[in-house]
Amino acid sequence: MRYISCSVIAILFTTAVHWNFAGADEGDFDIAVVIMSQPNSYHESKAQRMRQNLQHQAALYNTSLSLVLLTHEQWPDTTGAWTVFPIIPILADLFDGTNTIILFCDDDLTVNLSYLSRKLKDIDLNKELFLGRALVDREATIIHHFAFHENPSGFSYPDFAAGFMISTSLLRRLAKRLKENSLSVDFTIDFQHELALFIWDKGSGVRLTDVDYLCGFTTKADGCATRRLRKSPDCSLLTSDSDIFFAVKTCQKFHKDRIPVLKASWGKDVKEIEYFSDAEDGSIPTVVLGIPNTERGHCAKFMAILNYVYRRLGANNYRWIVITDDDTLMSISRLKKLLSCYDPNTVVVLGERYGYGVAKGYGYDYITLGGGMALSEAALRMLIDSNSCHCAAADSPDDMTFGLCLKHLKIPVTHSSLFHQARPVDYADGYLSNQESVSFHRHWMIDPIMVYRQWLVDEQTTQADDQKSIRSQKDHSINDHLGYKEL
């Protein structure tokens, strides 16, 4: 006998008018949707609207939709549900004995349920299926642990921005493997790649099948069962420049090469910014907190920065605190647009989420700091007032130590795929084409100014700069004609 959790029973009961497990007129199969939602009011609202839309479509077009599950509701206490691994056995039990295919997606995806059902009619869903929009790496990349370095494009993995699907027959086998053998993965960096590796099982499992009807960002609805309608969130007016304080972590050896790049790129677009270093440099200028530089970790410096900003909150109106490295590249206009979606009066810790041990159902999430992290004013106050965030050593990993602190305080990490720990070249072209990125990280083997202009400067900003340059040239020409010269 199978046991289903009370929350699942409640969902089934309250929405039974729309859903069933028996299949509908379009074929003897069901579609279930797992929305990888997040415990934040902005994301909760989006996920709930998405569920209502799917229910409405199912009723309107008599499409077989068995369940729509929101991870933040269904598994609020399951560590690492966002990696999919911990919920595979649960889903395998839930859909045991059914012919169901499960769509995994985030809360930004638009789904044409009727069209998706029609496309699936031509597929034998009794087979072990792993379907998605295929991504491939251009070169071996650090975010994928340099896997397939001899032929990086020979392995494909799903673009989560388009959603991906797993049949119940495959789900059952994956659940059996997880019960019999523990995962070897400790760090979760890119779950879509790590999940594809697990399903592939060193060649003895299932490869991703590339399907063209699961689409990323596109303005055309034809031929797409899923798609993204926009590359970045569109919430309200931009967050004010004076509402954001930027804290840049640096050290003396990078004052001459990294700081000039930052100032020539995104640094000129911010109002409130300070550079925290181990050495005084009036040309920047730097803030010295008395913390010696360490080769790695930087935990003591990170915590000192948080306390420094906290002490200044009373005299300033900072609503957001953004912490970056000195080799972080960032779009300030896109960041302000993103922050407008969140309430700084609530506890928000925003950035690119990694995990330690979470795929195994324990461990903790953390923000990888190279791509930048945004803290709401409320989050900073809660963290410092708790007096519970401490470094084991000055060179302890700052991001992971901070992640442990967040878990202790039960503060969720809010993930945004717009932040990036690595360079653009480290990501698949198809992945980046879905978004207007907020940040990248590292100057290694790239021209950082060129990368900034190519990937982080909006077209209208470029046009405005061009117009400013044209006006400046005209002013110089007029001055020269009148006989005036700049001194």
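Note that the coordinates shown come from a computational prediction; the quantities given were computed from them, not determined experimentally. All heavy atoms count here, side chains included; hydrogens, waters and symmetry mates do not.
When only modelled atom types and interatomic distance are considered, N345 and R319 share a side-chain donor-acceptor pair under 3.5 Å. Side-chain polar atoms of D159 and N434 form a donor-acceptor pair below 3.5 angstrom. No side-chain N or O of S37 forms a donor-acceptor pair with one of D107 less than 3.5 Å apart. Using modelled atom types, one finds a donor on one side chain and an acceptor on the other under 3.5 Å when comparing K337 with S232.
Residue pairs meeting the disulfide (SG to SG under 2.5 Å) criterion with at least one member in residues 60-152, sequence neighbours excluded, do not occur. Within the structure, the side chain to side chain donor-acceptor pair (under 3.5 Å) test picks out the following pairs touching residues 406-420 (sequence neighbours left out): H420-Q435.
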With a 3.5 Å cut-off and sequence neighbours excluded, list the donor-acceptor pairs that the side chains of residues 140-152 form with protein atoms.
residue : atom : partner : partner atom : Å
T141    : OG1  : I143    : N            : 3.4
T141    : OG1  : D426    : O            : 3.1
T141    : OG1  : D426    : OD1          : 3.4
H144    : ND1  : D137    : OD1          : 3.4
H144    : ND1  : D137    : OD2          : 2.7
H144    : NE2  : D190    : OD2          : 2.6
N151    : OD1  : S153    : OG           : 3.4

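For Y342 and H43, the ring centers sit closer than 6.0 Å to each other.
Side-chain contact between W320 and L375 is absent, with no heavy atoms from C-beta onward closer than 4.5 Å. Using a 4.5 Å heavy-atom threshold, the side chains of V33 and L69 count as separate.
Relative to the ring axis of F198, R177 places its NZ or CZ within 45° and under 6.0 Å from the centre.
The main-chain N or O of H441 is never found under 3.5 Å from a side-chain atom of R423 such that the two would form a donor-acceptor pair. The backbone N or O of Y42 sits less than 3.5 Å from a side-chain atom of N40, completing a donor-acceptor pair.
A salt bridge links D241 with K336; the closest basic N to acidic carboxylate O contact falls under 4.0 Å. Salt-bridge annotation for E73 and R51: present, with a side-chain N of the basic residue lying under 4.0 Å from a carboxylate O of the acidic one.
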